[in-house]
Enquirer: 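One structure coming up, written as structure tokens, with questions to follow.
The structure presented is a predicted model; accordingly, all values stated were derived computationally and were not measured.
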Amino acid sequence: QVQLVESGGGVVQAGGSLRLSCAASGRSISTYRMGWFREAPGNKREFVTAISRSGGSTDYSDAVKGRFTISRDNDKNTVYLQMNSLTPEDTAVYYCGASSDWATWRSTVSYVYWGQGTQVTVSS
């Protein structure tokens, strides 16, 4: 079992930055691909970004490419999401997840563990 706890969310003005953390316990995340998703009110959970086990490969949705950066520290059992140039459209609950190899890491189907989420609100 892996327990994931997100932190770092909050309220920020448009153009600002936030850094989210996802701390894992119970088991090393080094054996999992890791991803971030977000869910805005009335919307489905959508893919934001993912990172390979070693951190050598990353993937971003078009909506965040060039603004967000995912990273991981397997020694600290933590994944990070640096979010820059935030816009009100980025307002959502952000979830981190641990992904198996069953499916593409862009799909929620491949994720076997989820955190409880952290709220990010961007004001205009």
Side-chain angles (χ1 to χ4, degrees):
Q1 284 278 7
V2 176
Q3 291 78 44
L4 301 173
V5 178
E6 301 95 335
S7 62
V11 180
V12 63
Q13 286 191 328
S17 299
L18 282 174
R19 188 194 196 204
L20 306 184
S21 298
C22 173
S25 61
R27 192 170 175 179
S28 172
I29 61 167
S30 63
T31 59
Y32 295 95
R33 307 177 304 179
M34 299 297 293
W36 287 94
F37 284 68
R38 66 187 182 186
E39 194 171 317
N43 292 351
K44 295 195 304 183
R45 192 168 297 191
E46 67 171 5
F47 171 78
V48 175
T49 180
I51 189 167
S52 62
R53 293 173 180 81
S54 67
S57 178
T58 58
D59 184 22
Y60 297 92
S61 70
D62 288 343
V64 307
K65 194 174 296 183
R67 300 187 298 122
F68 290 13
T69 303
I70 189 172
S71 61
R72 67 189 295 163
D73 186 335
N74 288 338
D75 290 338
K76 294 184 177 179
N77 229 21
T78 301
V79 181
Y80 304 97
L81 180 62
Q82 178 67 43
M83 306 186 295
N84 298 329
S85 302
L86 286 161
T87 73
E89 288 68 38
D90 296 315
T91 295
V93 177
Y94 283 70
Y95 298 89
C96 74
S99 171
S100 70
D101 292 328
W102 301 336
T104 169
W105 62 15
R106 286 183 167 232
S107 170
T108 57
V109 170
S110 74
Y111 288 79
V112 291
Y113 299 108
W114 291 99
Q116 84 291 345
T118 186
Q119 176 71 47
V120 171
T121 302
V122 184
S123 62
S124 57

Enquirer: Is it true that the side chains of Ser21 and Thr78 contain a donor and an acceptor less than 3.5 Å apart?
Expert: no
Enquirer: Decide yes or no on side-chain contact (heavy atoms from CB on, under 4.5 Å) for Met83 and Arg67, but give the supporting numbers first.
Expert: CA-CA 6 Å; Met83 306 186 295; Arg67 300 187 298 122; over 6 Å; no
Enquirer: Just how far is it from atom CG of Asp59 to atom NZ of Lys65, taken to the nearest 0.5 Å?
Expert: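 The NZ atom of Lys65 is 7.0 Å from CG of Asp59, to the nearest 0.5 Å.
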Enquirer: Mind checking side-chain hydrogen bond (donor to acceptor under 3.5 Å, both in side chains) for Asn84 and listing every partner two or more places apart, or none if nothing turns up?
Expert: Ser17, Gln82
Enquirer: Using every non-hydrogen atom in the two residues, find where Met34 and Cys22 come nearest and quote the distance to one decimal.
Expert: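 It is CE-SG, 4.5 Å.
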Enquirer: Would a 4.5 Å heavy-atom cut-off, applied to side chains only, mark Glu6 and Gln116 as touching?
Expert: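 Yes, their side chains come closer than 4.5 Å.
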Enquirer: Atom OG1 of Thr91 and atom CD of Gln119: how far apart are they, to the nearest 0.5 Å?
Expert: 7.5 Å
Enquirer: Cluster question for you: counting only ILVMFWY and a side-chain heavy-atom cut-off of under 4.5 Å, with indirect links fine, are Val112 and Val48 together?
Expert: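 Per the 4.5 Å side-chain linkage, Val112 and Val48 are co-clustered.
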Enquirer: Within this structure, what is the CH2-OG distance for the pair Trp105 and Ser100, rounded to the nearest 0.5 Å?
Expert: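 If we round to the nearest 0.5 Å, Trp105:CH2 and Ser100:OG are 13.0 Å apart.
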Enquirer: Once the angle between the rings of Phe68 and Tyr94 is folded into 0 to 90°, is it parallel (under 30°), tilted (30 to 60°) or perpendicular (over 60°)?
Expert: tilted
Enquirer: Look at the side chain of Ser107 and the backbone N and O of Thr104, then say whether any donor-acceptor pair between them is shorter than 3.5 Å.
Expert: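 The answer is no, because no donor-acceptor pair under 3.5 Å joins these two groups.
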Enquirer: Is Val2 linked to Trp36 within one hydrophobic cluster, defined over Ile, Leu, Val, Met, Phe, Trp and Tyr using a side-chain heavy-atom separation of less than 4.5 Å?
Expert: yes
Enquirer: Which atoms form the tightest heavy-atom contact between Arg72 and Ser52, and what is the distance?
Expert: NH1-O, 2.7 Å
Enquirer: For Ser99 versus Ser110, what's the shortest heavy-atom pair and its separation?
Expert: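 Of all heavy-atom pairs spanning Ser99 and Ser110, the closest is OG-OG, 3.0 Å.
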Enquirer: Treat each ILVMFWY residue as a node, draw an edge where side-chain heavy atoms are under 4.5 Å apart, and state whether Val11 and Leu86 are in one component.
Expert: no
Enquirer: List the steps and the verdict of side-chain contact (heavy atoms from CB on, under 4.5 Å) for Tyr60 and Thr69.
Expert: CA-CA 8 Å; Tyr60 297 92; Thr69 303; 3.8 Å; yes
Enquirer: Does the side chain of Asn77 come within less than 4.5 Å of Ser28's, by heavy atoms?
Expert: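 Yes, their side chains come closer than 4.5 Å.
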Enquirer: For Arg38, which residues count as a salt bridge (Lys or Arg N to Asp or Glu O under 4.0 Å) partner, sequence neighbours excluded?
Expert: Glu46, Asp90
Enquirer: Evaluate the side-chain contact (heavy atoms from CB on, under 4.5 Å) criterion for residues Leu4 and Cys96: first the C-alpha distance (whole Å), next the side-chain angles of each, then the deciding distance (0.1 Å), finally the verdict.
Expert: CA-CA 7 Å; Leu4 301 173; Cys96 74; 3.9 Å; yes
Enquirer: Any idea which heavy atoms bring Ala14 and Ser124 closest together, and the distance?
Expert: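 Heavy atoms only, the tightest pair is CB-CA, 4.4 Å.
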Enquirer: Got a second to check how far Gln3's CD is from Tyr113's OH, nearest 0.5 Å?
Expert: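 So the CD of Gln3 and the OH of Tyr113 are separated by 8.5 Å.
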Enquirer: Can you get from Val79 to Phe47 by hopping between Ile, Leu, Val, Met, Phe, Trp and Tyr side chains that sit under 4.5 Å apart?
Expert: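 No; tracing contacts between hydrophobic side chains, which count when under 4.5 Å, never links both residues.
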Enquirer: Using only atom types and a distance under 3.5 Å, with no angle test, would you say the side chain of Arg53 pairs donor to acceptor with the backbone of Ser30?
Expert: no
Enquirer: Just verifying a value: how many Å separate Asp73 CG and Ser71 OG, rounded to the nearest 0.5 Å?
Expert: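 OG of Ser71 is found 8.0 Å from CG of Asp73.
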Enquirer: Starting from Val64, can I reach Leu81 by hopping between I/L/V/M/F/W/Y residues whose side chains sit under 4.5 Å apart?
Expert: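 Yes, Leu81 connects to Val64 through the hydrophobic network.
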Enquirer: Evaluate Tyr111 against Tyr95 for ring-ring contact (aromatic ring centres under 6.0 Å, His included), listing each step before the verdict.
Expert: CA-CA 11 Å; Tyr111 288 79; Tyr95 298 89; over 10 Å; no
